[in-house]
Amino acid sequence: MDGSVLDLFGETTRTWFAGAFAAPTPAQEAAWASIAKGDNTLVVAPTGSGKTLAAFLWSLDRLAAEKTGREEGGRRGCRVLYISPLKALAVDVERNLRAPLSGLRQTARRLGRPVPEISVAIRSGDTPADDRRRFAARPSDILITTPESLFLLLTSRAREALTGVETVIVDEVHAVAGTKRGAHLALSLERLDAMLPFPAQRIGLSATVRPVSEVAAFLGGPRPATVVQPPADKRIEIDVVVPVEDMTELDTPQAAPEEIGGWRPDPARRSIWPHVEERLLDLIEAHRSTIVFANSRRLSERLCARLNELAWERRDGGPLPEGVPAELMAQAGASRGAVPEVVRSHHGSVSKQERARIEEELKSGRLSAVVATSSLELGIDMGAVDLVACVEAPPSVASGLQRIGRAGHRVGAVSRGVIFPKYRGDLIQTAVVAERMRAGEIEELRFPRNPLDVLAQQIVAMVAMDEWTVDDLEAVVKRAAPFATLPRAALEATLDMLAGRYPSEEFADLRPRIVWDRVTGTLRGRPGAQRLAVTNGGTIPDRGLFGVFLAGEKGSRVGELDEEMVYESRVGDVFVLGATSWRIEDITADRVLVSPAPGQPGKL
């Protein structure tokens, strides 16, 4: 190809890219042409098309040129804001940025040019307080964050660190656009633009989205986004596997497997699970690396425990010793103690550090397989995964494509996947989803219009930080695509509610959150409004999770447990989290203190 697109970049960036890659992908070529013109850009391309580099490289090139310019240090403040729908995805992007950043530095040294030092920081719910204070005092050039953490930044004094932002990258935009979480993010982006001397350029990345125009409107707001969607040549191979000859000979479970008491079925009852487990382990042993997707965390843990037990039985030629204490066979299920870990469980209840360790072990080949939930569904780079297996039908066609796309996550590679239906009804759904995945017929997405609960939350946050006029606040709100058609009457009704003007005395106990001066048309926050906003931010519901920590070690987080399981547990009980057994030493108001219990059977 000609070098016209690469000619847009500086010498250091061109030299590094030419040495690292044979040529830009079609998605990268088209994206860079649009981004270089300053347009808002939505890049829609299959998994493994180089979308992340397409979004970042233009900003890295500009930062490198500025950092090596005559003005020492260049402009201060954060310049690039990357927004990820998942904390794990944010960590993955930070890890993947190290290669181009290191490559640019080494290339600059080789060319005898000044070496650019570009800083990167992460801000999410897992970020230590020291790192948060460090960013507020000395902002990094690139900040990787989540929608909720951006909201918290904008509702604190640390927002001053964002006044130099020029580029906003929204990864996996389809994962948020069709939800109230997306509407919340759209308002946060407009609040950010209101702080800047000129609106930031927005770049959206998505692998699966339909219709494209809806997501482009969501991303761009008042400035429509240019759509980059090169012809997709990504190939996927999907097999639906029923590991028994006749599913009619099996009893249909009356409840989902994760709701059944013990893991092992009644011997008198024929079950599909032993056949699924055997076939899954055959596939894992036949491939270098495999990801198995389950639709719940409990099923993920159970499959992980059973696959490890089955691998042990195959290796040693006999079953594991029985003798699980009856008191451990609670409703959550149980495992039979420590066995060699062929498979690890990866989901949101596993701690950040443990998830990172599992991902690294799979990438390096030390781990054969991972059983995951949606924690690995989005664009997390898991290295050279050979196969993806789904136990029961994916929840949607788009979700299925994301999951199968984890295999062959490289340019030009084939994504191979296997889906195991659990019963006859699931087989029908699996067949339909697989057929539509092959045809690329994903579900239509539509962003919510005028969600007033989201609007109320953002208004409280806005007036807690600054005094606004109603007209100015309305102008900012209506620039967000989900609120572009917001009637003035709906806005004033929301302001009335927040100011304490309720329709009846039944709401008299609710405290007003803002002050609305109707004479001057100004809005300001009442005392405590900022704390209320930051302690109740976002649209993800509070699930009542308890943090799990090692007893006697400060800050050593193991993961988290749901409230129901903690209620059923007692001090001295053993449970399994992330394929590891832990003994409960103490239960406090918001956390569970544990110690390792290797080799002990436990609840799942």
Side-chain angles (χ1 to χ4, degrees), residues 147-159 162 176-196 199 214 217-218 220-223 446-542:
E148 290 70 33
S149 291
L150 173 61
F151 172 79
L152 296 179
L153 276 170
L154 294 171
T155 317
S156 70
R157 285 178 293 182
R159 65 179 180 161
L162 301 178
V176 296
T179 66
K180 286 187 177 182
R181 191 181 183 204
H184 194 274
L185 172 61
L187 281 177
S188 293
L189 292 178
E190 296 305 332
R191 289 177 61 192
L192 173 65
D193 277 353
M195 295 168 38
L196 306 178
E214 183 85 354
F218 168 84
R223 298 173 295 123
R446 189 172 187 271
F447 59 77
R449 266 64 172 180
N450 305 324
L452 298 184
D453 51 348
V454 172
L455 175 64
Q457 186 182 128
Q458 288 279 10
I459 288 175
V460 172
M462 292 169 72
V463 302
M465 301 302 297
D466 302 293
E467 185 173 294
W468 289 79
T469 67
V470 176
D471 291 340
D472 288 346
L473 184 140
E474 181 184 25
V476 170
V477 167
K478 295 185 76 168
R479 284 202 293 267
F483 297 93
T485 59
L486 179 71
R488 176 77 176 212
L491 173 64
E492 291 184 351
T494 304
L495 293 174
D496 273 339
M497 180 197 70
L498 293 174
R501 188 176 178 181
Y502 304 121
S504 72
E505 293 182 356
E506 295 178 4
F507 300 92
D509 292 338
L510 298 178
R511 293 175 54 190
R513 302 303 180 185
I514 67 173
V515 176
W516 181 7
D517 187 333
R518 288 171 173 80
V519 176
T520 61
T522 57
L523 303 165
R524 65 180 185 274
R526 288 182 177 270
Q530 181 187 7
R531 174 171 294 185
L532 177 72
V534 299
T535 54
N536 295 275
T539 61
I540 300 176
D542 183 1

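Counting only distance, with no hydrogens or angles, the side chain of N536 and the backbone of L532 share a donor-acceptor pair below 3.5 Å.
In plain terms, the two heavy atoms of L152 and S156 that are nearest each other are O-OG, 3.3 Å.
Annotation: side chain of W516 is not in contact with side chain of L498 (no heavy-atom distance under 4.5 Å). Counting only heavy atoms from C-beta outward, the side chains of L455 and N450 never approach each other to under 4.5 Å. At a threshold of 4.5 Å between non-hydrogen side-chain atoms, the residues L491 and L473 count as touching. You'll find the side chain of R223 reaches within 4.5 Å of the side chain of D193, heavy atoms only.
Taking T520 as the reference, D517, T522 meet the side-chain contact (heavy atoms from CB on, under 4.5 Å) condition, with sequence neighbours excluded. For R159, the side-chain hydrogen bond (donor to acceptor under 3.5 Å, both in side chains) criterion is met by D466, not counting sequence neighbours. In this view, R181 and E148 satisfy the salt bridge (charged side-chain N to carboxylate O under 4.0 Å, His left out) rule, not counting sequence neighbours. Remark: F151 engages H184 in a ring-ring contact (aromatic ring centres under 6.0 Å, His included) (not counting sequence neighbours). When the salt bridge (charged side-chain N to carboxylate O under 4.0 Å, His left out) test is applied to R446, no partner is found at least two apart in sequence or on another chain.
Crowding of R526 atom CZ: a count of heavy atoms from other residues, nucleotides or ligands under 6.0 Å exceeding 12. Summarising the local packing, CZ of R531 is surrounded by 12 or fewer heavy atoms from other residues, nucleotides or ligands at distances under 6.0 Å.
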Please output the side-chain donor-acceptor pairs of residues 474-483 that fall under 3.5 Å, not counting sequence neighbours, one pair per line with the distance.
{"unit_1": "E474", "atom_1": "OE1", "unit_2": "R488", "atom_2": "NH1", "d": "2.6"}
{"unit_1": "K478", "atom_1": "NZ", "unit_2": "L486", "atom_2": "O", "d": "3.4"}

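There is no side-chain donor-acceptor pair under 3.5 Å between T155 and Q530.
In this structure, the separation between CG on L189 and CG on L150 is 6.5 Å, given to the nearest 0.5 Å. Going from atom CG of L185 over to atom NZ of K180 covers 16.0 Å, rounded to the nearest 0.5 Å. Taking CD of Q458 as the reference point, atom CG of L154 lies at 8.0 Å (rounded to 0.5 Å).
A salt bridge links E214 with R449: the distance from a Lys NZ or Arg NE/NH1/NH2 to an Asp or Glu carboxylate oxygen falls below 4.0 Å.
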Legend entry - Derivation and outcome, side chain to side chain contact (heavy atoms under 4.5 Å, CB included), residues D472 and E467: CA-CA 10 Å; D472 288 346; E467 185 173 294; over 6 Å; no
